[in-house]
Amino acid sequence: MEFREVVKQRRSLRSFAPVEVNDDLIKDLAVVAGLAPSCSNKQPWRFVFVRSAGLLERMVTTLKPGNAAWAKAASLIVAVWSQADLDCRTPDGRDYYQFDAGMASALLMLAATEKGLSGHPIAGFDPEAARQVLALPDGSQVITLIIIGGQTHEISPALAAWQIAAETERPARMPFEAFASIV
Ligand SMILES: Cc1cc2nc3c(=O)[nH]c(=O)nc-3n(C[C@H](O)[C@H](O)[C@H](O)COP(=O)(O)O)c2cc1C
């Protein structure tokens, strides 16, 4: 798929077909994500690829109910975590670990899209509970969970009306003038 087509195809969908998640798939997603730029090449992103049924269930318990309803059909949940001391802090106090982990996450979602998967990032979860389920180190921060399954045209019965609308049409984007300027 051409780059622009992959970008267009990437959507935060909530309906998933079951999909087999093998080690090659996971490694491929990780390789693409790991090509992201980062401050002084610190590569502060950390990914836990959760695919076992038992752990998927436990991760779903950390989600807000509105997310758990559809995310329980996922075949893979990627916990993206980092911590400030894994990345640059500028002399004037700017931290870059979340920014850099976000860039790697974007690449991971695009790689998933290219492979016929749907990757949906969420903030609606309890980060401390997720950290404990995954036994992550003290001081680490779970930044997002990327909920992944196979792309499908069948709408999940778990969805509310507004979520069904978002399945079929991409949520509107701001016009150029609202987020960009040319000087
Ligand atoms: C940081 C972040 C947090 C998000 N949290 C949630 C969430 O908790 N639940 C949800 O259904 N979607 C969540 N989303 C998905 C956004 O709603 C979605 O990206 C946005 O509506 C644009 O739609 P699109 O990704 O299909 O283009 C989140 C996205 C991002 C980047």
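In this chain, numbering begins with 1 at the start of the sequence shown. FYI, side chains are in, hydrogens and waters are out, and symmetry mates aren't considered; it's all heavy atoms of this structure. Read the numbers this way: they start at 1 and go in the same order the structure lists the ligands and their atoms.
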Return yes when Thr144 approaches ligand 1 closer than 4.0 angstrom through a heavy atom, no otherwise.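 Under 4.0 Å: no for Thr144.
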Any heavy atom of Lys64 sitting closer than 4.0 Å to ligand 1?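 Judged by the 4.0 Å heavy-atom criterion, Lys64 does not count as contacting ligand 1.
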With side chain to side chain donor-acceptor pair (under 3.5 Å) as the criterion, how do Gln98 and Asp100 come out once you've worked through the C-alpha distance, each side chain's angles and the decisive distance to 0.1 Å? CA-CA 5 Å; Gln98 292 178 325; Asp100 290 347; over 6 Å; no
With heavy atoms only and a cut-off of under 4.0 Å, state how Leu13 meets ligand 1: side chain, backbone, both or neither.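 Under 4.0 Å from ligand 1, Leu13 contributes no heavy atoms.
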Specify side chain, backbone, both or neither for Gln163, according to which of its non-hydrogen atoms lie closer than 4.0 Å to ligand 1.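 Neither part.
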Short list, please: which atoms of ligand 1 are under 4.0 Å from a heavy atom of [X]?
X: Trp70; result: 11 (O)
X: Arg10; result: 24 (P), 25 (O), 27 (O)
X: Arg14; result: 10 (C), 11 (O), 12 (N)

Fit a plane to each ring of Phe49 and Phe47, take the angle between them on a 0 to 90° scale, and name the class: parallel (under 30°), tilted (30 to 60°) or perpendicular (over 60°).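 Taking Phe47 first and then Phe49, their aromatic rings sit tilted (interplane angle of 30° to 60°).
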Is a side-chain N or O of Asp87 found less than 3.5 angstrom from the main chain of Lys42, in a donor-acceptor match?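 Pair absent, no side-chain N/O of Asp87 close to backbone of Lys42.
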Distance-only check: which donor-acceptor pairs under 3.5 Å involve side-chain atoms of residues 55-66, not counting sequence neighbours?
from  : atom 1 : to    : atom 2 : distance (Å)
Thr61 : OG1    : Arg58 : O      : 2.5
Thr62 : OG1    : Met59 : O      : 2.6

Which atoms form the tightest heavy-atom contact between Gly150 and Leu117, and what is the distance?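 Answer, listing the atom of Gly150 first, then Leu117: CA-CD2, 4.2 Å.
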Nearest non-hydrogen partners of Arg14 and Ala166, listed with the distance: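 Closest heavy-atom pair between Arg14 and Ala166: NH1-CB, 4.0 Å.
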Please tell me if atom 2 (C) of ligand 1 is touched by the protein, where touching means a protein heavy-atom distance below 4.0 Å.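 Under 4.0 Å from atom 2 (C) of ligand 1, zero protein heavy atoms found.
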Protein residue, atom and distance nearest to [atom], heavy-atom basis:
atom: atom 20 (C) of ligand 1; value: Pro171 CG, 4.5 Å
atom: atom 25 (O) of ligand 1; value: Ser12 OG, 2.6 Å
atom: atom 22 (C) of ligand 1; value: Arg173 NH1, 3.5 Å
atom: atom 15 (C) of ligand 1; value: His120 NE2, 3.4 Å

